[in-house]
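When reading the values below, keep in mind they use all heavy atoms of this one structure, side chains included, and skip hydrogens, waters and symmetry mates. Per chain, numbering begins at 1; letters A, B, ... match sequence-line order.
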Amino acid sequence: MTISLYNTLTRKKEVFETLEPGVVRLYVCGPTVYSNAHVGHAMSSLVFDIMRRYLEYRGFQVKHVMNYTDVDDKIILRSLHEERDPHELAESYIREYEEHLRSLNILPAHIYPRVSQEMGEIVKTIQGLVDKGYAYPAGGDVYFRVQKDDDYGRLSGRRLDDMQAGARIDIDERKEHPMDFALWKAAKAGEPFWESPWGNGRPGWHIECSAMCLHHLGDQIDIHGGGNDLIFPHHENEIAQSESLTGQLFSRYWVHNGMMQLSGEKMSKSLGNLVTITDFLSKNEADVLRLMVLNSSYRSPLTFNDDVIEAASKGLERLRNGLRPAFVESAGATTEAKEALAKQVETTRAAYIAAMDDDFNSAGALGHLFDLVRVINATRDAGATVAELADAQALLRELTGVFGLTLDKQTGGAEAAPFIDLLIEIRRELRAQKLFALTDQIRDRLAELGVTLEDSKDGTTWRFN
RNA sequence: GGCGACGUGGCCAAGUGGUAAGGCAAGGGUCUGCAAAACCCUGACCACGGGUUCGAAUCCCGUCGUCGCCUCCA
């Protein structure tokens, strides 16, 4: 069984083979930290978190690097506007994003490089490109020479000639070609700067990722990821820079997530149509967003609206219901019911893996988990005991865990369970005597304590709420 | 204008040659002291028009529409 994934570079699904057996070098472009992150950023982090978790589930060791761009025009602009130190401003948004990553249950990357802390590497990278003739200094700036790069444009499918026709490119006398892009920008008065062989200044937008990726993961990596709005120019330029420098293929697979759509268009800082992560999490639990992401293809635009949030929220409850214990009174299910469940366990695992192996088809895999839930519930209704549901529920826990969902909201259930069962037992006697005031009191008081009881013809079940 | 993606039941969304997963919503039923949940049943001429094929949602061409990139962007 092999994993396949869609490679933007070739525009088709390819069999996934790593440079080093069993090891995945993964670099994901993180946010530019100049304002509050929104759920679109969260989507991207979730997409790659799900991929990483699955690759690890399939036995790979994943070396995960995500950068923060903390030196940038917008940060400088904003710091001037707010009269704050740019480093301090960036730092505060980085801390906020780190907090979001924890809230969203995203596995920490192994390294979070920042532009401000990698200046030596960045300057070294630029110098290397200048030495090889792929870049040229011009009045304190340094530009990449696109005409020297034979296959410039191959990621985004553009030709230099086409792009010139677009006429949206600034004419800059200092550039040899209009598409040449800045590797180093000379500092203007009042701007933060770093020293370099070309004078004081700061890096251009794209060179940081090349430098940091080469530094932390080596000349060649397996997966380079980010939002599909980064394909051009950011990733195109990263390829140009990195491959011109090393003479080797930079990343084997380029993986891009689709954009979060709010009222029919891309959610983005510049458009102003956004829902911040803080906003979202104040009204919904983190798994709701994760389930929204899981329920569609990572490459497609993700519809964000109240209906979708509601559906994800309900779907999450449904998954949780699958983990409810058997009815306390149950004596055991029929052989047929138990066999049906065992068979479902078998097919679910296989189907889940087959779906996820196919370019991380999480929506398909999720569908199989819902199938499993339905059969678990039916088997519980049929009188299965806790032990008889155990395997199926363990699988449900395992596979939702691979998705990064946290269905068991409260721990400590193990200690409380016998006492709750005892209360249910007593309450059953009270119900038989039709002492409903007392039975309702028990149910209400338990609800206040965080335990929901639910009666059915087959008995009473409970869950933490 | 250039490059690319997409258009599947009320909503979201899998499926990319053999006759349509799943979730939410809706209706009916079972169960039921109440509440809640669960289970069963009900629904798609796969944007439109051509073509290829024994057979297409799935491949090809065209039309319409939506979205992304081409400027900062996850």
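Pair assignment for B:U42: B:A26, on the basis of Watson-Crick or G-U wobble contacts that are both within less than 3.5 Å. For B:U58, there is no paired base (Watson-Crick or G-U wobble, both distances below 3.5 Å). Nucleotide B:U52: unpaired (no Watson-Crick or G-U wobble partner with both distances less than 3.5 Å). Across all strands shown, B:U66 is found opposite B:A5 as a Watson-Crick or G-U wobble partner, with both distances under 3.5 Å.
Residues passing the side-chain contact (heavy atoms from CB on, under 4.5 Å) test with A:Ala286, sequence neighbours excluded: A:Leu104, A:Leu281. Partners of A:Asn361 according to the side-chain contact (heavy atoms from CB on, under 4.5 Å) rule, which considers only residues two or more places apart in sequence or in another chain, are A:Ala355, A:Ala363. Residues forming a side-chain contact (heavy atoms from CB on, under 4.5 Å) with A:Asp229 (at least two apart in sequence, or on another chain): A:Met259, A:Lys266. Taking A:Thr8 as the reference, A:His256 meet the side chain to side chain donor-acceptor pair (under 3.5 Å) condition, with sequence neighbours excluded. Partners of A:Lys343 under the side chain to side chain donor-acceptor pair (under 3.5 Å) rule, at least two apart in sequence or in another chain, do not exist in this structure.
No engagement by A:Thr461 is indicated, since no non-hydrogen atom pair under 4.0 Å with the nucleic acid exists. Residue A:Thr32 is in sugar-phosphate contact alone, with no base atom involved, counting any heavy-atom pair closer than 4.0 Å across all strands shown. Looking at heavy-atom distances under 4.0 Å, A:Gly226 makes contact with sugar-phosphate atoms alone, never a base. A:Gly225 comes within 4.0 angstrom of no nucleic acid atom, judged by non-hydrogen atoms across all strands. Backbone-only contact: A:Asn361 has heavy atoms under 4.0 Å from sugar-phosphate atoms and none from a base. Base engagement by A:Met267 is indicated by at least one non-hydrogen atom pair under 4.0 Å involving a base atom. Using a 4.0 Å heavy-atom criterion, one finds that A:Asp455 contacts the bases of the nucleic acid, with or without backbone contacts as well.
Put simply, the side chain of A:Arg380 and the base of B:C39 share no donor and acceptor less than 3.5 Å apart. Side-chain atoms of A:Arg299 stay outside donor-acceptor range of the base of B:A5, with no qualifying N/O pair under 3.5 Å.
Every pair passing ring pair (Phe, Tyr, Trp, His ring centres under 6.0 Å) that includes a residue from residues 323-354 of chain A is listed here, sequence neighbours excluded: A:Tyr352-A:Phe403.
RNA chain B is contacted by both A:Ser156 and A:Leu453; A:Ser156 maps to the nucleotide lying nearer its 5′ end (nearest heavy atom per residue).
Residues of residues 392-399 of chain A having a heavy atom closer than 4.0 Å to RNA chain B: none are found. RNA chain B is contacted by A:Arg427, A:Arg431, A:Phe436 of residues 423-438 of chain A, taking any non-hydrogen atom closer than 4.0 Å.
Between A:Arg349 and A:Glu398 a salt bridge is recorded (basic side-chain N to carboxylate O distance below 4.0 Å). Residues A:Glu285 and A:Arg320 are paired through a salt bridge, judged by an N-O separation under 4.0 Å between the basic side chain and the carboxylate. In summary, A:Asp180 and A:Arg174 do not engage in a salt bridge, as defined by a charged side-chain N under 4.0 Å from a carboxylate O. In this structure, A:Arg114 does not pair ionically with A:Glu118, as no charged nitrogen and carboxylate oxygen lie closer than 4.0 Å.
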All N/O donor-acceptor pairs, side-chain side in residues 432-446 of chain A, below 3.5 Å, sequence neighbours left out:
{"residue": "A:Thr439", "atom": "OG1", "partner": "A:Phe436", "partner atom": "O", "Å": "3.0"}
{"residue": "A:Arg445", "atom": "NH1", "partner": "A:Glu448", "partner atom": "OE1", "Å": "2.9"}

Enumerate, atom names and distances included, each donor-acceptor pair closer than 3.5 Å involving a side-chain atom of residues 364-374 of chain A, sequence neighbours excluded.
{"residue": "A:His368", "atom": "ND1", "partner": "A:Gly364", "partner atom": "O", "Å": "3.0"}
{"residue": "A:Asp371", "atom": "OD1", "partner": "A:Arg374", "partner atom": "NH1", "Å": "3.4"}

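Here B:A13 is the nucleotide among B:A38, B:A13, B:U16 with the atom lying nearest to any side-chain atom of A:Ser296.
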* Structure fact -> With sugar-phosphate taken as primed atoms, P, OP1 and OP2 and all else as base, the protein-contact string of nucleotides 64-69 of chain B at under 4.0 Å (heavy atoms; B, S, -) is ---SSB

* Asked: How does protein reach along nucleotides 18-28 of chain B, written 5' to 3' as B (base within reach of a heavy atom under 4.0 Å), S (only sugar-phosphate), or - (no contact)?
  -> ---BBSSS---

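In the model, A:His234 has a side-chain atom that pairs as donor or acceptor with a side-chain atom of A:His206 under 3.5 Å.
B:C45 and B:G29 have their P atoms separated by 26 Å, with the value rounded to a whole Å.
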